[in-house]
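A quick write-up on the structure given underneath.
One-based numbering, in listed order, for ligands and for the atoms of each. Only a predicted model underlies this, so the values are computations on that prediction, with no experimental measurement involved.
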Amino acid sequence: MNSVLPSASVTAEQLTALEVVNAIARAIGEAPAVLHEPQFAGNEWEYLKECLDSTFVSSVGKFVDRFEKDLADYTGARYSVAVVNGTAALHIALKLAGVQAGDEVLTPALTFVATANAVSYCNAIPHFVDCEEATLGMSAVALREYLQSVAELHHGVCINRQSGRPIRAIVPMHTFGHPVDLDGLMAVAHDFKLVMVEDAAESLGSFYHGRHTGTFGRMGTLSFNGNKTITTGGGGAIITDDESLARHGKHLTTTAKLPHRWAYEHDQIGYNYRMPNLNAALGCAQLEQLPGMLSAKRQLFDAYRKACADLPGMHIVREPAYSQSNFWLQTLKLERENMALRDAILEATNAAGYMTRPIWRPMHKLQPYVGCPRMELTVTSSLEQRLINLPSSSGLGARGAR
Ligand SMILES: *Cc1c(COP(=O)(O)O)cnc(C)c1O
């Protein structure tokens, strides 16, 4: 294997960045490696062929029912509703949670934009919460203190005293698959009468105290986008233990059509958000392989952890206490804020053929969301400068540490 050798007149940051490149090479072998690629090593072809042979490729078919059942079985949720993507799942879950126009919804500032967008689709306003260093997710401690100072309960509704608007719901997200502090956040939700919807888009296969993420809130939402742990091409799901929410969710995502042998009767404005049978067929095949992918991802984490152990001033992010992460994306965390070093690492790794990425730009810095209410985002602003995602495909784990 080739080591990258420094040439003359390089900065200290560039030198360190080359050490990172070499550490990645020790962990996963030679470049190239993309950030996350899907793996189709199971019954995908067989199930897809079954769809085509049966002509059931679209809204009806046995794979949709089976996928919903398999998801419920795997996560331990009583019900699941398969939909077109994770964003649609969040949109509908928030509607079902009672989020109305003019409400505020607490979301992490550090998340993929879909979390905030789903709130906007309800004509509600995202209200950004800081995260904690250990989990990279919403900080229950900071949030409680903040709500104590800006919010009050009025006839059982949490009101933002500064804006006068109801704060209706809270949407924690399990960043890169690492479970957030659910006990702390559930207590805050309870005390401030907030409905909790978990954005578990990144955390299929992640457990908190032995229970699957997404099953702690009133509802949880999953994503099966092409870059997620398992994929259906595009897809998502709502999971819940509440039968009437599940039934209402299915109804809303299938144009709110009343069952009838021929009549087109729709009792409200529904959405065409159902997952096609073709995508569900992929999902069934992918879910069968999830346990193997998860152990490969854990192996990959071990390989990175060992390879990066001696790098100065940085380390690989571990799973939080009391949790089992799916390690969707592996993350290198700089111990101190150092934009020059972060960018030098991004530059050197991408130049070497290892696809790496910074964490998302925090929501309050995105043009559509600059004016939204938010608390002090100290940890978010720090983490923005310190996190780098590394190549994380489950296939890399199977290659083993070298
Ligand atoms: C992937 C993702 C979603 C949903 O994504 P879709 O591409 O719509 O399936 C939502 N929230 C987070 C945090 C995500 O990472």
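The side-chain tip of R211 points at the ring of F216 from less than 6.0 angstrom away and within 45° of straight on.
A donor-acceptor pair under 3.5 Å is absent between the side-chain atoms of H174 and the main chain of G137, judged by distance alone.
The pair E44-K49 fails the salt-bridge criterion, with no side-chain N (NZ, NE, NH1 or NH2) lying under 4.0 Å from an Asp/Glu carboxylate O. Ion pairing between D103 and R168 holds under the 4.0 Å rule for side-chain N and carboxylate O. A salt bridge links R144 with D191: at least one charged nitrogen is closer than 4.0 Å to a carboxylate oxygen.
Protein heavy atom in closest approach to atom 1 (C) of ligand 1: K228 NZ, 1.6 Å. Among protein heavy atoms, the minimum distance from atom 15 (O) of ligand 1 is reached at E202 OE2, 2.5 Å. For atom 5 (O) of ligand 1, the nearest non-hydrogen atom of the protein is S223 OG, 3.6 Å. Among all protein heavy atoms, the one lying closest to atom 3 (C) of ligand 1 is A201 CB, 3.5 Å.
Taking every non-hydrogen atom of D199 and a distance limit under 4.0 Å, the qualifying atoms of ligand 1 come out as 10 (C), 11 (N), 12 (C), 13 (C). Close contacts between ligand 1 and M173 involve ligand atoms 13 (C) [criterion: under 4.0 Å to a heavy atom]. Against a heavy-atom cut-off of under 4.0 Å, T111 is close to the following atoms of ligand 1: 13 (C). Remark: ligand 1 atoms within the under-4.0 Å shell around heavy atoms of F112 are 2 (C), 12 (C), 13 (C), 14 (C), 15 (O).
Looking at T87 against ligand 1, both its backbone and its side chain come within 4.0 Å, counting heavy atoms. At a 4.0 Å heavy-atom cut-off, ligand 1 touches N85 through backbone and side chain alike.
Ring pair F67/F224: centre-to-centre distance below 6.0 Å. Separation of the H209 and Y322 ring centroids falls under the 6.0 Å cut-off.
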